[in-house]
2 protein chains.
Amino acid sequence: MVTLAEVARHAGVSASTVSYVLSGKRSISAPTRERVEHSIKELGYHPNAGARALASSRSNIIALMVPLRTDMYVPVMMEIAIAVATTARSHGYDVLLLTGEEGPAAVRRVTGSGLADAMIVMDVELEDERLPLLHAARQPTVLIGLPADTVGLTCVDLDFTATGALCVEHLAALGHREVAIVGEAPAVYERHTGFAERTLEGLRRRAGELGVRLLHRPCQGSYESMDGTLSRIFDERPGTTGFVVQNEAAIDPLLSLLRRQGRAVPEDVSVVAVCPEQVATQASVRLTSVAVPAQEMGQRAVELVVAKLEGNASGEQVALLAPELTVRASSGPAPGTA
Amino acid sequence: MVTLAEVARHAGVSASTVSYVLSGKRSISAPTRERVEHSIKELGYHPNAGARALASSRSNIIALMVPLRTDMYVPVMMEIAIAVATTARSHGYDVLLLTGEEGPAAVRRVTGSGLADAMIVMDVELEDERLPLLHAARQPTVLIGLPADTVGLTCVDLDFTATGALCVEHLAALGHREVAIVGEAPAVYERHTGFAERTLEGLRRRAGELGVRLLHRPCQGSYESMDGTLSRIFDERPGTTGFVVQNEAAIDPLLSLLRRQGRAVPEDVSVVAVCPEQVATQASVRLTSVAVPAQEMGQRAVELVVAKLEGNASGEQVALLAPELTVRASSGPAPGTA
DNA sequence: AGAGGCCATCGAAGCGCTTCAACACACCGC
DNA sequence: GCGGTGTGTTGAAGCGCTTCGATGGCCTCT
């Protein structure tokens with residue numbers, strides 16, 4: 001294990017000089033810097049993370065709390081996590097992966113031990129039990145998702161209320177008057193996960209304004225549950241011509257079942273999905289959809305957290321990404337429309 | 001920030017005593033221990049991770065390298081990652097998330113800086129460029145996946161060769177003589193990812209032994225690419241009655257397209273999938289499948305790595321999990337079989 | 001030419017913990 | 001009552017780095 005002291009000796013300078021070359025916190029003359037850098041390379045020196053953390057009380061690690069629930073659509077989580085890790089690296093930070101399992105205890109452990117300099121918390125519930133602890137922690141925190149009360153917090157999320165509204169608007173403009181919402185699994189609503197409830201709220205409000213009748217049914221996403229859900233929808237509202245799907249796992253089953261029932265998309269029914277682009281373009285029908293910008297969310301979260309760490313903190317703020325609806329092949333004029 | 005010294009003062013003992021209470025490395029009398037523990041609780045003490053790492057040269061962190069490729073089926077990765085994080089925690093370790101992006105440099109950085117005590121590497125290629133570095137590192141390493149040469153390495157993986165064989169056996173036993181393999185995306189083969197090639201090898205060898213004709217076609221997994229792949233399969237081998245699907249993204253498209261073409265599953269064609277249980281049970285037909293035990297792989301990897309760290313190293317070893325085929329509703333006797 | 005300023009570098013003091021050697025004490029058997 | 005054995009506790013020496021204040025050389029200004 002090569003140490004800074006050895007590098008210093010090899011380069012014929014003091015330890016502090018090497019340190020300053022490394023950190024750039026003081027100016028070092030070009031020849032000295034080069035000599036030091038050369039020694040570093042030659043000896044294969046890597047600063048010891050522990051010593052660094054101890055001396056500087058900065059670990060250069062960002063903790064990322066991901067849920068370990070399985071009722072959330074996982075690819076989105078993974079995409080966010082990867083984006084977080086990648087973006088963090090580009091800012092010189094590493095990412096510590098914390099699962100939801102430990103719950104609030106994890107927050108305490110990490111903030112207490114100085115393991116991480118900051119936290120990014122995913123899958124936030126409206127009344128999340130981790131929030132009080134995060135408030136108390138001296139570490140900067142960014143939430144991916146929106147709790148009920150955002151006072152003093154920094155959050156990043158897709159504007160799900162606007163997303164819901166956008167979906168209804170699109171369908172309404174095409175003449176659809178009876179729209180069914182294929183929602184997330186019931187457990188997601190029971191937990192009061194913000195994005196699910198907000199989407200619903202957006203859908204309902206705009207639907208009210210536009211005179212669209214809405215029917216919301218949670219759905220597990222399996223083929224079987226989708227089958228049941230679909231039957232009940234058409235039983236209750238035989239005139240349904242529009243679908244909004246929020247649960248990505250339900251997309252394939254829905255399309256498949258509609259086809260099997262002889263309902264053509266988009267001639268007989270239109271489908272609008274809220275899902276990552278990839279899902280929308282790879283389904284059996286290219287889906288009109290509002291993209292969930294997983295990558296961007298992860299990236300923004302890191303940028304906000306890094307800004308806080310570097311002191312360019314813009315304090316409390318909520319970054320709500322504007323939804324964008326892309327029209328593809330799954331939506332068209334309601335049957336019987338001029 | 002409460003320090004160990006403050007705890008010691010509060011409890012009226014020396015710092016080393018507190019340290020020994022914490023680590024249990026020396027016996028401490030019950031009364032003293034209780035006094036110390038009480039002080040710890042009362043002051044809300046958390047040991048500083050950096051100081052600990054520096055003094056003990058152990059960070060209690062395990063690095064996990066995940067690929068950031070998008071051509072791998074992501075949910076499996078996520079499942080493994082979560083299992084790794086959870087299992088690691090239960091052994092007192094945290095997990096550092098490294099993306100493949102940095103490549104070999106990440107290995108050097110982590111082993112060099114003592115950031116992590118050990119590494120778990122996912123998505124290993126047959127001739128992985130990280131292998132030489134891992135060999136050289138003094139940190140214990142466990143691979144999830146099997147490179148070509150495993151000398152001196154510890155690996156965990158599903159026995160994909162046996163998996164392939166098992167799939168053919170099942171179909172052969174049902175009387176199928178012409179079987180098509182819907183493989184992973186071409187890029188996966190080009191990269192020489194072990195699991196894809198081994199499965200294929202297992203399939204081919206056993207097919208040869210059993211007199212089954214095999215046709216292998218890589219497939220992106222999108223609906224469109226599956227459509228093309230399927231047409232070509234039936235063009236070349238109209239008599240195909242069995243399918244083995246390795247690419248999980250291709251499962252839904254395949255079932256959907258077969259149905260659309262009027263081919264009933266399992267009456268006309270049988271389908272065997274290699275995928276997580278959840279996928280197999282949630283598809284439109286309950287799939288006969290060989291489960292990819294993502295959780296177990298993550299767990300085993302951590303256990304092996306921890307064993308190495310604690311010195312119960314059993315040295316070089318390859319833990320190949322035996323595949324298990326579960327018969328469900330997607331496979332049946334070949335048409336025309338007695 | 002001397003005061004003042006700036007730049008590059010150095011020395012030393014920690015950061016909070018672990019761990020080793022050493023010590024104090026009680027207890028045993030003879 | 002003395003050496004031996006063992007248990008519980010302590011002091012002190014670092015672990016490898018950052019950072020602050022100090023130092024010395026050189027340049028500029030008057």
Side-chain angles (χ1 to χ4, degrees), chain A residues 1-37 39-40 43-61 92 109-117 138 309, chain B residues 1-37 39-40 43-61 92 109-117 138 309:
Chain A
M1 205 61 300
V2 187
T3 70
L4 182 145
E6 299 177 47
V7 174
R9 204 172 316 129
H10 186 273
V13 297
S14 77
S16 41
T17 303
V18 178
S19 179
Y20 287 125
V21 167
L22 251 26
S23 68
K25 294 196 179 172
R26 275 195 193 183
S27 57
I28 298 288
S29 69
T32 309
R33 190 180 331 113
E34 275 154 30
R35 207 140 34 84
V36 170
E37 277 163 358
S39 296
I40 288 178
L43 300 178
Y45 168 71
H46 281 271
N48 177 299
R52 215 164 220 204
L54 176 56
S56 65
S57 28
R58 294 292 237 93
S59 64
N60 286 309
I61 289 181
R109 195 165 55 80
V110 169
T111 60
S113 67
L115 231 187
D117 296 335
R138 69 210 130 294
L309 282 170
Chain B
M1 204 61 298
V2 188
T3 70
L4 183 144
E6 299 177 46
V7 174
R9 203 174 316 128
H10 185 272
V13 297
S14 76
S16 39
T17 302
V18 178
S19 178
Y20 286 125
V21 167
L22 249 28
S23 69
K25 293 197 177 171
R26 268 188 201 192
S27 56
I28 299 288
S29 68
T32 309
R33 190 181 331 114
E34 277 154 28
R35 207 141 34 84
V36 171
E37 277 163 357
S39 298
I40 288 178
L43 301 179
Y45 168 70
H46 281 272
N48 177 299
R52 216 168 220 201
L54 176 56
S56 64
S57 29
R58 293 293 235 91
S59 64
N60 287 307
I61 289 181
R109 195 164 55 83
V110 169
T111 61
S113 67
L115 232 188
D117 296 336
R138 69 210 133 293
L309 282 171

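Each chain gets a letter, A, B and so on, in the order the sequences are listed, and its residues count up from 1. Because the structure is predicted, anything quoted here is derived from the model rather than measured.
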Grab the CG-P distance between A:Leu54 and C:dT18 for me, whole Å please.
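Result: 11 Å.
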Value rounded to 0.5 Å, distance of OG in B:Ser113 from CE in A:Met1
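Reported to 0.5 Å precision, the distance equals 9.0 Å.
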Reported CG-to-CG distance for the pair A:Leu4 and A:Leu43, which is rounded to 0.5 angstrom
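Nearest 0.5 Å value for the CG-CG distance: 11.0 Å.
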Student check: side-chain heavy atoms of A:Arg52 and A:Leu22 closer than 4.5 Å:
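Result yes, sub-4.5 Å side-chain heavy-atom pair found.
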Under the rule for side-chain hydrogen bond (donor to acceptor under 3.5 Å, both in side chains), what residues qualify as partners of B:Ser16, not counting sequence neighbours?
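Here the qualifying residues are B:Ser14.
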For the pair [X] (side chain) and [Y] (backbone), establish whether a donor and an acceptor sit closer than 3.5 Å, ignoring hydrogens and angles.
X: B:Thr32; Y: B:Ile28; answer: no
X: B:Arg33; Y: B:Val21; answer: no
X: B:Thr17; Y: B:Val13; answer: no

Hey, where on DNA chain D does chain A first and last touch, going 5' to 3'? Cut-off is any atom under 4.0 Å from a heavy atom.
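Boundary nucleotides touching chain A, in 5' to 3' order, are D:dG16 to D:dA22.
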Which pair of non-hydrogen atoms, one from A:Ala116 and one from A:Val110, has the smallest distance, and what is that distance?
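Scanning both residues, the minimum pair turns out to be CB-CG1, 3.6 Å.
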So, is B:Ser19 near the phosphate of C:dT18, with a side-chain N or O under 4.0 Å from OP1 or OP2?
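Looking at the OP1 and OP2 atoms of C:dT18, one of them is under 4.0 Å from a side-chain N or O of B:Ser19.
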Positions of residues 25-35 of chain B (non-hydrogen atom under 4.0 Å from DNA chain C), listed by number
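Residues of residues 25-35 of chain B under 4.0 Å from DNA chain C: B:Lys25, B:Arg26.
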B:Tyr20 or B:Pro47: which one's nearest nucleotide on DNA chain C is closer to the 5' end?
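The 5'-side residue here is B:Pro47.
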